[in-house]
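The structure appears right after this line, and notes come after that.
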Amino acid sequence: MKLVLVRTARAVKRSDWTGPGGGRPLSDAGDKQAKGLVDLLGGTHVRAVACGPSLRSRQTLTPLANALGLPLQIDDRLDRDAPPAELMARVSALGEEGAVVCLHRGGLLAALEKTMGAGQADLESRCERGGAWIVEGDPAQATYFSPGRSAFPADDAIEPLASVPLTGRKGRRPGAPRIAVLDLGSTSFHLLVAEWTAEGTMQRIDRQRVMLRMGAELARSGHIRKALLERSIEAVHELCAAAREWKAEQLIAVGTSALRDAKNGSTVVAALEEAIGGPIHLLSGEEEARIIFRAIRSRIDLGGRTHIGLDLGGGSLEVVVGNDHEILYEKTLPLGVARLHGLIDPADPHREKDLRTLRHLLREALTPVAEEIRRFDAVG
């Protein structure tokens with residue numbers, strides 16, 4: 001399934017419009033949002049672009065449909081007043097086909113709720129006019145893009161990392177390099193295979209994950225034992241084989257908290273590099289924090305304000321303060337979920353004693369960080 005759900009872009013105010021409701025056009029801001037969808041979705045692979053009959057729905061998708069070279073399908077079943085069952089059936093059918101679908105707010109929330117199993121209250125803040133949800137996979141996974149945000153803005157570029165050549169370009173269509181990224185995390189090893197299009201957008205091809213829970217073992221002993229290292233090497237062989245099966249041309253391997261902090265980390269990294277056949281880029285805590293904030297910033301419009309970004313992983317917690325233009329502060333703390341679990345070794349279900357211990361550890365670690373962040377008066 002490949003389904004992109006777009007909310008109608010901003011229209012002129014009702015108070016400024018005297019014609020029929022369905023004829024209310026986009027405002028200047030809405031027109032910019034519609035054109036921004038071309039930058040975001042112009043390289044996506046879909047077979048249809050569809051919307052309801054209202055003028056603002058049609059104007060929202062017309063620039064994108066033209067850029068994709070597809071006719072804009074006008075369907076009454078996608079209108080704001082369409083019966084819910086008909087709307088959902090049509091959205092589902094378009095998702096199976098591969099489509100970009102523009103909906104009004106109510107229909108969009110209902111479609112997301114059905115597709116993702118999330119409550120509408122959880123989606124309200126991510127349903128801006130002109131915003132887009134990209135839904136893929138089975139079970140469905142979705143990524144939200146605020147209006148006017150590019151998927152991969154140039155000023156958020158990350159320096160290229162060393163990679164391992166995997167296969168030649170034979171049989172691959174030109175202009176779309178396929179890259180595999182291997183994230184050697186503290187909870188799991190995660191493979192992502194993706195294809196960069198000529199338009200600069202990314203198309204996910206496959207993702208796989210092997211659970212290892214290095215962070216929990218690290219909390220207990222400070223070392224990665226031989227048995228876990230052997231399982232980790234097997235996981236690397238399995239994921240690299242999957243990358244080759246998908247004909248990825250290069251593989252980039254990055255390591256995070258567990259490999260960074262283990263007392264025998266250098267030995268473990270060397271063994272994993274031998275299994276991969278190339279280098280692992282071991283991210284510092286600061287690098288990890290900055291990359292996470294760049295990802296947040298590329299998908300959410302920060303509105304010119306300063307924000308705090310938090311990334312809770314298996315081995316560490318990254319805390320970042322920044323805005324649309326710069327990162328002002330970053331900190332990494334050994335407070336990952338797997339690491340805390342290994343440190344506390346709680347009962348199942350958790351006892352009140354376990355929770356008190358956890359609260360004490362978190363308060364002790366986070367209080368100094370909160371005091372440092374307070375100097376940023378405008379944090380939102």
Side-chain angles (χ1 to χ4, degrees), residues 158-168 177-194 204-292 294-295 311-318 332-343:
I158 298 171
E159 290 186 9
L161 305 179
S163 62
V164 182
L166 292 180
T167 183
R178 185 170 290 182
I179 298 173
V181 177
L182 184 57
D183 174 13
L184 308 174
S186 301
T187 299
S188 63
F189 285 4
H190 181 196
L191 175 73
L192 173 68
V193 180
R204 188 178 71 196
I205 305 300
D206 185 48
R207 62 188 303 177
Q208 297 188 26
R209 179 173 293 173
V210 179
M211 301 298 295
L212 294 165
R213 303 189 185 282
M214 279 188 174
E217 182 161 306
L218 190 64
R220 287 190 288 265
S221 67
H223 289 78
I224 295 172
R225 294 176 299 169
K226 182 179 179 181
L228 180 54
L229 175 57
E230 290 175 350
R231 293 204 305 274
S232 301
I233 291 172
E234 290 176 3
V236 163
H237 284 306
E238 175 186 334
L239 294 173
C240 286
R244 292 187 179 92
E245 288 177 5
W246 283 106
K247 293 184 171 57
E249 297 158 34
Q250 290 181 305
L251 182 140
I252 299 171
V254 295
T256 55
S257 177
L259 299 183
R260 194 168 61 228
D261 297 338
K263 293 178 182 178
N264 60 338
S266 59
T267 300
V268 173
V269 169
L272 294 176
E273 286 182 333
E274 183 177 355
I276 292 170
I280 295 172
H281 183 90
L282 199 58
L283 296 173
S284 69
E286 289 72 22
E287 282 182 292
E288 198 172 348
R290 287 174 174 268
I291 289 171
I292 288 298
R294 286 168 177 156
D311 175 53
L312 179 61
S316 62
L317 169 69
E318 276 66 49
T332 185
L333 300 163
L335 300 177
V337 174
R339 185 176 297 204
L340 288 172
H341 191 279
L343 187 64

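None of the values given here were measured: they were computed from a predicted structure.
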To the nearest 0.5 angstrom, please state how far the [atom1] atom of [X] sits from the [atom2] atom of [Y].
X: Glu274; Y: Ile233; atom1: CD; atom2: CD1; value: 7.5 Å
X: Ile292; Y: Arg294; atom1: CD1; atom2: CZ; value: 11.0 Å
X: Ile224; Y: Lys263; atom1: CD1; atom2: NZ; value: 12.5 Å
X: Leu192; Y: Asp183; atom1: CG; atom2: CG; value: 9.5 Å
X: Leu259; Y: Ser186; atom1: CG; atom2: OG; value: 7.0 Å
X: Arg213; Y: Arg231; atom1: CZ; atom2: CZ; value: 11.0 Å

[X] side chain to [Y] backbone, donor-acceptor under 3.5 Å:
X: Glu273; Y: Ile280; result: yes
X: Arg178; Y: Trp246; result: yes
X: Ser188; Y: His190; result: no

Minimal non-hydrogen separation, [X] against [Y], with atom names:
X: Leu218; Y: Ala262; result: CD1-CA, 3.4 Å
X: Glu288; Y: Ser257; result: OE1-N, 4.3 Å
X: Ile276; Y: Arg244; result: O-NH2, 4.5 Å
X: Leu239; Y: Leu182; result: CD1-CD1, 3.5 Å
X: Leu340; Y: Leu335; result: CD1-O, 3.4 Å

Check against side-chain contact (heavy atoms from CB on, under 4.5 Å), Met214 and Leu184: CA-CA 10 Å; Met214 279 188 174; Leu184 308 174; over 6 Å; no
Looking at side-chain heavy atoms only, is the closest gap between [X] and [Y] below 4.5 Å?
X: Cys240; Y: Leu251; value: yes
X: Glu230; Y: Lys226; value: yes
X: Val193; Y: Ile179; value: no
X: Leu229; Y: Asn264; value: no
X: Thr187; Y: Val337; value: no

Does atom CZ of Arg260 have more than 12 heavy-atom neighbours from other groups under 6.0 Å away?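 Yes - once you tally the heavy atoms of other residues, nucleotides and ligands closer than 6.0 Å, there are more than 12.
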Applying side-chain contact (heavy atoms from CB on, under 4.5 Å) to Phe189 and Leu272, what does each step give before you reach the verdict? CA-CA 12 Å; Phe189 285 4; Leu272 294 176; 4.2 Å; yes
Can you check side-chain contact (heavy atoms from CB on, under 4.5 Å) on Ser232 and Val268, steps first, answer last? CA-CA 9 Å; Ser232 301; Val268 173; over 6 Å; no
